[in-house]
Participant: 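This structure is in structure tokens; I'll ask about it shortly.
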There are 2 protein chains.
Amino acid sequence: MLTFGLMEIAVKKNRKQQIEEKATALFQEKGYAATSMRDLANVLGIEAASLYSHIKSKEEILQKVCFRMADEFFAAWQAVEMENSSYAAKLEKAAIAHVKVITLDTNASAVFFNEWRHLSEPFLSDFLNMRNDYEGRFIDIIEKGMEAGEFKTVDSKFMMLTILSSLNWTHNWYKPEGSLSSQEIGKRLANMILNGLNK
Amino acid sequence: MLTFGLMEIAVKKNRKQQIEEKATALFQEKGYAATSMRDLANVLGIEAASLYSHIKSKEEILQKVCFRMADEFFAAWQAVEMENSSYAAKLEKAAIAHVKVITLDTNASAVFFNEWRHLSEPFLSDFLNMRNDYEGRFIDIIEKGMEAGEFKTVDSKFMMLTILSSLNWTHNWYKPEGSLSSQEIGKRLANMILNGLNK
DNA sequence: ATAATTTGCTAACGAACGTTAGTATGCTTA
DNA sequence: TAAGCATACTAACGTTCGTTAGCAAATTAT
């Protein structure tokens with residue numbers, strides 16, 4: 001059967017990818033520290049030692065997930081820089097882009113948000129520097145929007161933390177089969193952030 | 001020396017409490033699974049086995065922290081039920097009360113928010129039921145505020161998740177020595193939620 | 001004064017941990 | 001057909017894990 005043959009090839013060519021995928025799901029569910037290599041092997045139907053034909057270490061998986069997600073968040077920012085009307089529009093673009101990255105892989109996002117502290121140096125410092133840089137971009141929009149008289153004069157860092165917490169939390173409840181698209185969720189969150197709940 | 005004598009007594013009377021406090025700090029810092037009883041003992045300057053003169057198990061500490069925090073969140077809700085003007089005012093009261101509980105112990109809050117999944121049954125189910133109940137109270141305010149024409153007609157669950165994510169995130173950045181009081185933070189968050197960032 | 005409680009120790013338990021070494025099999029490529 | 005690569009195995013390593021048993025000293029309560 002041709003399809004079967006192709007599937008077999010696909011499976012074999014991507015065994016490492018498969019390991020990372022299952023590991024990501026386990027890290028999301030039980031946490032990095034509480035997930036054992038034997039747990040992971042069990043999900044894949046192999047022995048724990050066999051994993052090491054494909055990966056260097058448990059932490060290598062965590063590193064891959066964390067830095068791949070970081071890359072994706074930065075890459076998605078392109079859409080924000082192309083927005084040239086208002087800062088409100090820029091913020092909406094940022095929200096949509098950010099949420100889009102999260103919804104494309106909620107498991108990896110959960111690991112990115114919750115398990116990064118298990119990175120060892122120098123990865124931990126690199127990670128925190130990137131996060132700082134990223135958060136700075138949000139602060140930038142808020143402050144420029146304030147200077148332009150578009151936004152209320154507020155504590156920009158406080159506002160960034162509030163905004164990002166709302167956006168990031170989507171990883172915890174978004175379901176691809178739900179009625180809301182990723183884009184729609186980003187729009188609604190941006191609307192909430194900009195206009196609030198009051199009528 | 002009198003003071004020393006009193007300190008000694010205080011220390012001994014509260015050794016269990018002291019263990020829970022240090023454990024909470026470690027769970028916050030490294031996560032529950034990555035914190036060993038030997039880590040904990042080391043912080044207290046004793047042997048790991050000595051901990052078991054005071055506690056039944058590692059998980060017992062987690063249970064205590066999680067359910068004490070849950071109790072406090074529910075207790076703080078009294079203030080919300082006394083508010084009888086608008087639903088916006090009710091929501092502000094809820095935000096202030098919620099943030100107040102978090103800021104009184106950010107370490108315990110972090111454990112409450114991030115480590116509950118390591119609870120075993122039946123504690124895990126109990127915990128999730130309580131959380132569901134609590135979230136329902138926020139949904140209730142939002143929906144009644146919508147019916148009263150006070151709030152925009154929105155997805156109430158979506159809104160609850162967005163609001164609570166902002167409130168909960170304070171555990172991650174609040175510092176008692178900072179310039180904002182707990183009350184002030186609650187007010188600002190409520191204002192953000194109700195009116196948004198737009199001028 | 002004595003009993004009870006609190007606090008801590010050493011030694012050790014079985015289990016689980018991440019990982020390595022060495023080997024075997026089958027598929028892909030030259 | 002041979003070489004190389006992908007995949008997985010068994011066996012085991014040293015380490016760390018949460019926890020128990022049994023004992024000892026000091027403090028507190030009766």
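Every heavy atom of this structure was used, including side-chain atoms; hydrogens, water molecules and symmetry mates were not.
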Participant: From CD1 of A:Ile19 over to C1' of C:dG18, roughly how many Å is that when rounded to an integer?
Facilitator: 15 Å
Participant: Using the 3.5 Å cut-off, write out each protein N or O paired with an N or O of nucleotides 10-15 of chain C and the distance between them.
Facilitator:
none

Participant: Is the shortest heavy-atom distance from the side chain of A:Arg188 to the side chain of B:Asp155 under 4.5 Å?
Facilitator: yes
Participant: More than 12 foreign heavy atoms under 6.0 Å from NZ of A:Lys22: is that the case here?
Facilitator: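 No, because the 6.0 Å sphere around NZ of A:Lys22 holds 12 heavy atoms or fewer from other groups.
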Participant: Please determine whether a side-chain nitrogen or oxygen atom of B:Ser36 lies at a distance below 4.0 Å from atom OP1 or OP2 of D:dC17.
Facilitator: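 Answer yes for this pair, as a side-chain N or O of B:Ser36 is under 4.0 Å from OP1 or OP2.
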Participant: Please state how far atom CG in B:Asp39 lies from atom C1' in D:dC17, giving the value in whole angstrom units.
Facilitator: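 In whole Å, D:dC17 C1' lies 11 Å from B:Asp39 CG.
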Participant: I need the residues from residues 51-68 of chain B with at least one non-hydrogen atom less than 4.0 Å from DNA chain D; give them sorted by number, or say none.
Facilitator: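 Per residue number, the list reads B:Tyr52, B:Ser57, B:Lys58.
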Participant: Side chains of B:His98 and B:Leu164: closer than 4.5 Å at any heavy-atom pair?
Facilitator: yes
Participant: Separation of B:His118 atom NE2 from D:dG18 atom P, in whole Å?
Facilitator: 12 Å
Participant: For a quick check under 3.5 Å, do A:Ser165 and B:Ser165 share a side-chain donor-acceptor pair by atom type?
Facilitator: no
Participant: For residues B:Glu150 and A:Lys199, determine if any side-chain heavy atom of one lies less than 4.5 Å from a side-chain heavy atom of the other.
Facilitator: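 Heavy-atom side-chain distance check fails, nothing below 4.5 Å.
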Participant: Under 4.5 Å between any side-chain heavy atoms of A:Asn107 and A:Glu29, yes or no?
Facilitator: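 No, too far: nothing below the 4.5 Å cut-off.
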Participant: Under 6.0 Å between the ring centres of A:Phe158 and B:Trp173?
Facilitator: yes
Participant: Could you go through residues 68-79 of chain A and list every donor-acceptor pair under 3.5 Å that involves a side-chain atom there, pairing it with any protein atom two or more places apart or in another chain?
Facilitator:
from	atom 1	to	atom 2	distance (Å)
A:Arg68	NH1	A:Glu72	OE2	3.2

